[in-house]
Number of protein chains: 2
Amino acid sequence: MGQQSKQMTEMLKGTLEGIVLALLATGPAYGYEITARLRDQGFVDIAEGTIYALLVRLEQKGQVDVEKVPSEKGPPRKVFTLNAQGREALDEFWSSWAFLAERLAHLKAEGDK
Amino acid sequence: MGQQSKQMTEMLKGTLEGIVLALLATGPAYGYEITARLRDQGFVDIAEGTIYALLVRLEQKGQVDVEKVPSEKGPPRKVFTLNAQGREALDEFWSSWAFLAERLAHLKAEGDK
DNA sequence: CTCCACTATTCAGTGTTACTATCTACTGGT
DNA sequence: ACCAGTAGATAGTAACACTGAATAGTGGAG
């Protein structure tokens with residue numbers, strides 16, 4: 001398991017959950033698939049265990065619906081679907097993110113002059 | 001002590017340190033002042049204790065130089081100055097942030113269509 | 001003179017989160 | 001029979017922001 005910078009690890013705290021919610025907003029998916037998609041999108045060092053734990057959390061918070069679906073190539077998949085509560089959480093995430101991104105853009109501009 | 005959303009609290013993990021580094025890049029400052037400036041910039045619910053702990057961390061990592069300066073209106077101030085190592089850490093922070101912001105912008109665009 | 005507000009820092013304890021490492025389990029190919 | 005790929009679970013650890021409280025100095029209101 002490759003390891004990414006500690007910087008990125010800390011930065012992902014709080015945002016990774018939003019990222020997964022955003023992925024699920026494009027359609028249902030299961031853990032292994034989500035990990036693979038994240039890797040494709042450049043998050044090459046996300047630990048699989050992290051995603052599974054995060055999905056358990058989403059389920060416990062009632063933000064996703066879960067369905068067990070048999071797979072042709074391995075154990076059954078747990079397919080997660082974003083529900084209304086999840087969509088609401090995603091909206092909140094985006095608004096928090098927007099605030100932070102706006103503040104940081106401002107700070108960066110300050111530093112560049 | 002007001003409390004902000006849990007969302008923002010988690011999102012600040014890893015970024016707050018970068019934010020403080022960025023503030024220090026504009027000039028030396030002491031803890032109480034940094035907290036006040038953050039409040040002015042919209043981070044109304046940053047806990048003071050958090051900033052002081054963070055500054056201790058920066059000092060231990062050797063990213064800031066410290067000088068004790070008497071104050072006319074209270075106990076002496078600990079004035080922090082960003083040094084070369086701190087500037088390097090700030091650069092790394094900005095590049096991590098740029099990656100994450102770019103990925104999230106992409107994800108948001110996906111979700112919006 | 002005493003109390004309070006503001007300035008300024010510190011610290012012990014808590015909760016949340018991502019990571020590490022390991023384990024289980026099913027399929028197909030060599 | 002073994003191994004690679006698929007799929008999920010979990011116990012333990014480290015890092016970080018927050019809570020709440022304590023200490024300490026100054027100046028002004030009563």
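Below, chain A is the first sequence line, B the second, and so on; all start at residue 1.
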- Message: Any base atoms under 4.0 Å from Thr50(B), or only sugar-phosphate, or nothing? Heavy atoms, all strands.
- Response: base
- Item | First encountered from the 5' end of DNA chain D, between Glu33(A) and Leu54(B) | Glu33(A)
- Figure out the NZ/C1' separation between Lys68(B) and dT10(C), and round it to whole Å. 11 Å
- Task: Measure distances between side-chain N and O atoms of Lys13(B) and base N and O atoms of dT16(C), and say whether any donor-acceptor pair falls under 3.5 Å.
- Result: yes
- Query: What does Glu72(A) touch in the nucleic acid at a heavy-atom separation under 4.0 angstrom: a base, only the sugar-phosphate, or nothing?
  - Reply: sugar-phosphate
- Of the nucleotides dG8(D), dT9(C), dT17(C), which has the atom closest to the Glu10(B) side chain? dT17(C)
- Query: Would you call Glu59(B) and Lys78(B) a salt bridge, taking side-chain N to carboxylate O under 4.0 Å as the test?
  - Reply: yes
- Message: Let's test your reading of the model: under 3.5 Å, does the base of dA8(C) pair with the side chain of Lys73(B) as donor and acceptor?
- Response: no
- Which nucleotide in the list dC26(C), dC6(C), dC18(D) gets nearest to the side chain of Pro75(A)? dC26(C)
- Query: At under 4.0 Å, does any side-chain N or O of Tyr32(A) touch on OP1 or OP2 of dG8(D)?
  - Reply: no
- Task: For the pair Thr26(B) (side chain) and Ala22(B) (backbone), establish whether a donor and an acceptor sit closer than 3.5 Å, ignoring hydrogens and angles.
- Result: no
- Nearest-Å distance, CD1 (Ile51(A)) to P (dT10(D))? 16 Å
- Arg57(A) side chain N/O closer than 4.0 Å to the phosphate oxygens (OP1, OP2) of dT16(C)? no
- Between Glu33(A) and Arg37(A), does at least one N-O distance fall below 4.0 Å, as a salt bridge requires? yes
- Task: Rounded to the nearest angstrom, tell me the gap between atom CD in Gln4(A) and atom C1' in dA14(D).
- Result: 15 Å
- Query: Does Ser71(A) make a side-chain N or O approach to OP1 or OP2 of dT6(D) shorter than 4.0 Å?
  - Reply: no
- Query: Is the distance from OP1 or OP2 of dA9(D) to the nearest side-chain N or O of Tyr52(A) less than 4.0 Å?
  - Reply: no
- Query: Pick the nucleotide of DNA chain D nearest each of Tyr30(A) and Lys6(A); which residue has the one closer to the 5' end?
  - Reply: Tyr30(A)
- What is the nucleic acid contact for Gly49(B), judged by heavy atoms within less than 4.0 Å: base, sugar-phosphate only, or nothing? base
- Nearest whole angstrom, please: distance from the C1' of dT16(C) to the CD of Gln7(B). 13 Å
